[in-house]
Amino acid sequence: MRIIVGITGASGAIYGLRLLERLRNRPDAEIHLVLTRSGEKTLFLETGQMAADVKKLADFWYPVEDIACRLPAARTPPMPW
């Protein structure tokens with residue numbers, strides 16, 4: 001299963017970090033992380049974690065400016081809610 005996690009500069013980066021940690025333990029999860037520069041700063045301020053360490057929790061990671069990444073909307077099917 002493909003999971004996309006986005007961490008921005010909004011407060012609450014700890015929730016994104018904890019989600020990544022839990023997903024890392026799931027063998028069926030393909031984890032994609034989109035991390036903004038503000039998100040990197042907020043992660044460090046709120047958790048003390050460096051962006052490089054958080055990126056290691058994902059299978060793939062992308063800066064928000066990367067419009068050519070593997071996740072364009074046309075190729076990512078919506079969740080079947």
Short N-O contact, Lys41 and Glu46, less than 4.0 angstrom:
no
Compare every heavy atom of Asn25 with every heavy atom of Glu21, then report the nearest pair and how far apart it is.
O-ND2, 3.5 Å
Under 4.5 Å between side-chain heavy atoms, hopping through other hydrophobics if needed: is there a path connecting Ile14 to Leu23?
yes
Do Val54 and Leu33 have side-chain heavy atoms sitting under 4.5 Å apart?
yes
Considering non-hydrogen atoms only, spot the tightest contact between Leu20 and Ile31 and give its length.
CD2-CG2, 3.5 Å
Go through it in stages, so that I can follow the logic: the residues are Arg26 and Met1, the test is side-chain contact (heavy atoms from CB on, under 4.5 Å), and I'd like the CA-CA distance, side-chain angles, deciding distance and then a yes or no.
CA-CA 10 Å; Arg26 292 192 57 147; Met1 122 180 75; 3.1 Å; yes
Nearest 0.5 Å please: distance from the CH2 atom of Trp61 over to the NZ atom of Lys56.
12.0 Å
Considering only NZ, NE, NH1 and NH2 on the basic side and carboxylate oxygens on the acidic side, decide whether Arg24 and Asp59 come within less than 4.0 Å.
yes
Please lay out, stage by stage, how Leu35 and Leu43 fare under the test side-chain contact (heavy atoms from CB on, under 4.5 Å).
CA-CA 10 Å; Leu35 183 61; Leu43 266 169; 3.9 Å; yes
Working to the nearest 0.5 angstrom, can you tell me the gap between Lys55 NZ and Gln49 CD?
13.5 Å
Hey, are the side chains of His32 and Tyr62 touching, using non-hydrogen atoms and a 4.5 Å cut-off?
yes
For Gly9, does its backbone N or O pair with a side-chain atom of Thr42 as donor and acceptor, under 3.5 Å?
yes
Nearest heavy-atom pair of Thr36 and Gly39: which atoms, and what distance?
OG1-N, 2.8 Å
Single-linkage hydrophobic cluster, 4.5 Å side-chain cutoff, Tyr15 and Phe44 together:
no
